[in-house]
Amino acid sequence: MVKLPYLPEASELPGALHPSSGEAWLERWRSKAESALAASGNDFLTQLDQAPAGSRLLESIFSNSPFLSQCLTADIGLLPDVLNHGPQWVLRKVREELKSKAPGCRDQAELMVLLRQQRRRAAFAIAYTDITGQAGVSAVTQALSEFAEAAVEAALQGLLRLAEARGELGLKAGGETATEDCGLAVIGMGKLGGGELNYSSDIDLIVIFDPEKTDYRHSRGVQQGMVRLTRDLMRVLDEHTAEGYVFRTDLRLRPDPSAMPLAISLNAAMTYYESLGQNWERAAMIKARPIAGDRELGQRFLAELRPFVWRKHLDFWAIQDVHSIKRQINAHKGGSVIAVNGHNVKLGRGGIREIEFFAQTQQLIWGGRDPTLRLPKTKEALAALVASGHIEPSVAEGLCEAYDFLRRLEHRLQMIEDQQTHLIPQDDEAVDKLAVFLGYADPARFREDLLARLRLVEDHYAHLFEESPSLSSPGNLVFTGGQPDPETLSTLQDLGFDDPGRAWSLVSGWHHGRYRAVRSNRSRQMLTELVPTVLDLLGKTREPDQALIKFDSFLAGLPAGVQIFSLLCSNPRLLELLAEIMGSAPMLAERLRQNPSLLEAVLSGDFFDPLPDGAVLEMELQQVLADAQDLQDHLDLTRRWANDRRFQVGVHILRHKGDVDDSGRALSDIAAATLRALYQPVIEDLARNHGHLGGSGLALIALGKLGGREMTVSSDLDLILLYEPSPEHKQSDGAKPLDPPRYYARLAQRLINAVTAQTAEGTLYEIDMRLRPSGNAGPIATSLSAFRRYYAEQAWTWEHMALTRARVIAGPADFCERVTDCLRQTLTQPRQDDSLLADVAAMRRRLHKEKPAKSLWSVKYVGGGLIDLEFLAQYLQLREAAAHPEVLATATQDAFAALAAAGVLEKPKAEALIQATRFLRQVQEALRLTVGPAFDADTLSPALQAALAGSVGMAGFAELRRHLVETQNWVHSVFVEMIDDPAPPSGQQPETVALG
């Protein structure tokens, strides 16, 4: 009788670089073996010691692989079984044990112990065939795949029986197995599906079920029940216990994994693939096969998917998508960047993935017409490509040999510590140890062999689609598949993204067709072309991660993608601007999200030229409205024009084209033009039912920032609406006549609605009517005589102050002149300085109490801020207007200039106040464009702080902060000197801002 018949010759076993490193494991194993085997009279140890290869085998295992050492130490009978009966006998026994015992397990804990014990025996038996050379790479990967299939089937059998025992599930009576016709199928994907599993691989699964076939009886319902069962399956397989684990399971190759449940109904899966399936998912399905559960259901599912995977006529955009996937992976000829130490044998250049992709892309292109190419195994697919004339025999031969070499290397790397690693060690000694474990006597020879194969694969891979230029000069940018590509994460980090994992997830979601704009093949292909440039541009912004989130939100809001993506593909400068907006101007980004067509305005040749004056803008809008047929046309066209122009001003601010005075005037002129453009159409719309009313008409008075032509990108409109009833016209002349108060109230309300209503083109402005006589308690439209009486008899001082910014912007010309005269008469009436001073000071103190500044960046309300400057200008105008009517000016800066010209204010002080007003407005504008009003910029990231400083012309944030504090303190001191100190004391004064 041959002793230890499955022990090979010593020359067939690898050695160990440092044999002494395994002595501790060897002693532990021998101690346990002597105790366990001696009791049974087994002379295995004696036979092993006497065999010429015995010590070499033990040295090879215990010195090279802590994991295999642990397997033998935990199961003393394992090595005797392998050497006496053979690894195939052990594997057969493993499958028999799983099949017979799993369905009878009393609970999940017992099932988990069984699976882990059998996995340990299978793992060692398969590793033994690899180490000793008793099986080639194909046989090893097939054995690993078969065990995984048996383990998943056994786990599912056990779980189904447990569910049946709980009364949750009905199984087929008299069936040979619990999974027969159970209505749930497990599809093996990737290397498991192709029968090419690696040694410590996770297993990629898709779980589908047929609700019509599944007899699920619990109240939670079949969908939740199948998800629960799938979650249990994952836990049973991949949870680490004292016995180890079975397989890491990965369900991320299922349709849209972030949105879809763990178990997917057959109909939902088919709907996804038929409408949103991508070419990388077609490639993944090449290797798909049912490995557990209801095999008939699994086969039916894959049969229905066959037209999706194998297309008879591959359309142009599908071919382009395959090209794009390839071009996203940075393949270059030559070996200068390939090294041994630290190289990733799966994902790195010249690695296993490139061989697989080389085969799969050509299978996708040609497999629709040639069924002989529809093979799941990589080497078989390469052979079929040769047979069909698509590649040269020498290419396939070289790639197959390299594939075997790299897979064998991959297995040795993984069986050392049972880790899912593909990285060659970084240090030379560890590489030498790996080489010896592979059977190399000379580690230098291993390095030569590895480099030769990596370079060969890289050359063949780079030649594939050679006519397609690279899309990804920064490095790999691959967003297909269910998990991030490590090289892509590295590239994203190099581009500037602090959280590359989140960035990968966002972009991957685009490829999954998660948004309306990317649900067509053509739009996804076009976006694929744009992605590298988009990421490169966003990476150059101040905060790339936030910019990408804004861009993702922009995509999410697009109703369709092809048009906008075509626009961006054809206009690189537009893409640059889009990235700049996403990175620097959240307010503009939000407007783009709501109205993507705004980007089209940038294409006009004069987009970056200074905006024309108000008269030209008004003429331009009238030309736009020339074809309007009704009020709805006027509403939509006016919004489209105004939104384009406002967006233009926002971009000008972003690009520092012009100063805050330019943008304030432009935004105010745009608002005034829209109000005037809607005035007459609203009157005509009202007239359809109520006719016209003779007399004065309705006058629109602008106050606040619109009145002063100081609007910002987020300003609303402060309005007062006045009319003057005519004694000759008691009511309107329509079918439903109205008297003047009701007529003008209706007209005013319709005009407000025309401005504020949401249409398909968005909104125009919010309107604030609180400055009208009696505020919100007053009528929406006031007669001129009532207005005059109110301001003569009842108006508060603050209302007179607000009136200094009033100007008439729309209405009949003669009536507008009368209103203007009324405003002037109201403002130039003599005033008692003491009471005026007291009222202004008291109001400022009240504002300080009711609306305290949150920080020095609340530049409107902070002591020494814009409110102080406006109050100061308005107080001086009201005080001096009776004697010097020329001091009246609606803009704060103009008022200071007019006060100086009249000799009321010293010219140096006036100039300094003008500069302070301009600077604070500029800071306010920058804050509102970037981070929002009243935001504490001290809490911003350094990148955004630098951007804010640059937007107001400062060299750095510290300089901006210092200048802001100095300005506020000086303005506050002037306010105290001219108003607070002379005024009667009452309440709390605004605090000065300390220099920090």
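In summary, Asp130 and Arg412 engage in a salt bridge, as defined by a charged side-chain N under 4.0 Å from a carboxylate O. Salt-bridge annotation for Asp181 and Lys172: present, with a side-chain N of the basic residue lying under 4.0 Å from a carboxylate O of the acidic one. Of the charged side-chain nitrogens involved, at least one lies within less than 4.0 Å of a carboxylate oxygen, so that Lys379 and Asp404 count as a salt-bridged pair. Between Arg220 and Glu168, at least one side-chain nitrogen of the basic residue sits less than 4.0 Å from a carboxylate oxygen of the acidic one, meeting the salt-bridge criterion. Under the 4.0 Å criterion applied to side-chain N and carboxylate O atoms, Lys346 and Glu354 are not assigned as salt-bridge partners. Remark: Lys287 engages Glu196 in a salt bridge, criterion side-chain N to carboxylate O under 4.0 Å. Using a cutoff of 4.0 Å between basic side-chain nitrogens and carboxylate oxygens, Arg353 and Glu356 are not scored as salt-bridged.
Looking at Glu180, its side chain does come within 3.5 Å of a backbone N or O of Glu176 through a donor-acceptor pair.
At a threshold of 4.5 Å between non-hydrogen side-chain atoms, the residues Cys105 and Leu162 do not count as touching. Side chains of Arg282 and Tyr273 form no contact here, defined as non-hydrogen atoms less than 4.5 Å apart. A 4.5 Å side-chain heavy-atom check between Leu237 and Tyr245 finds every atom pair outside the cut-off. A 4.5 Å side-chain heavy-atom check between Leu409 and Ile424 finds at least one atom pair inside the cut-off. Side-chain contact between Met189 and Ile203 is absent, with no heavy atoms from C-beta onward closer than 4.5 Å. When side chains are defined from C-beta on, Thr129 does not count as touching Leu91, because their heavy atoms never get closer than 4.5 Å.
Each of Gln117, Arg121, Lys32 was scored for a side-chain hydrogen bond (donor to acceptor under 3.5 Å, both in side chains) with Asp75, with one residue passing: Arg121.
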Between Leu144 and Lys191, does the side-chain contact (heavy atoms from CB on, under 4.5 Å) criterion hold? Intermediate values first, please. CA-CA 10 Å; Leu144 289 165; Lys191 288 185 170 62; over 6 Å; no
Worked check of salt bridge (Lys or Arg N to Asp or Glu O under 4.0 Å) between Arg119 and Asp418: CA-CA 12 Å; Arg119 189 263 176 170; Asp418 192 26; 2.9 Å; yes
Could you walk me through whether Arg235 and Gln108 pass the side chain to side chain donor-acceptor pair (under 3.5 Å) test, one step at a time? CA-CA 9 Å; Arg235 175 175 174 268; Gln108 286 189 26; 2.6 Å; yes
Pair Phe67, Phe124 - check side-chain contact (heavy atoms from CB on, under 4.5 Å), show working. CA-CA 9 Å; Phe67 169 65; Phe124 180 82; over 6 Å; no
Side chain to side chain donor-acceptor pair (under 3.5 Å) evaluation trace for Asn267 with Ser265: CA-CA 5 Å; Asn267 286 340; Ser265 71; 5.9 Å; no
Mind running side-chain contact (heavy atoms from CB on, under 4.5 Å) on Val186 and Thr230 for me, showing each step along the way? CA-CA 9 Å; Val186 181; Thr230 303; over 6 Å; no
Between Lys99 and Glu153, does a salt bridge (Lys or Arg N to Asp or Glu O under 4.0 Å) hold up when you go through it step by step? CA-CA 8 Å; Lys99 185 176 182 180; Glu153 174 70 15; over 6 Å; no
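Under a cut-off of 6.0 angstrom, the local environment of CZ in Arg217 is crowded, with over 12 non-hydrogen atoms contributed by other residues, nucleotides or ligands. Within a 6.0 Å radius of NZ in Lys93, other residues, nucleotides and ligands contribute 12 heavy atoms or fewer.
Taking the six-membered ring where the residue is Trp, Phe62 and Trp29 present tilted rings, their angle falling between 30° and 60°. Between Tyr461 and Phe357, the ring-plane angle classifies as perpendicular under the 30° and 60° cut-offs.
Taking the centre of each ring, Phe308 and Tyr272 stay at or above the 6.0 Å mark.
The CE atom of Met234 sits 12.5 Å away from the CG atom of Leu229 when rounded to the nearest 0.5 Å. A distance of 12.5 Å separates CD1 in Ile206 from CG in Leu262, rounded to the nearest 0.5 Å.
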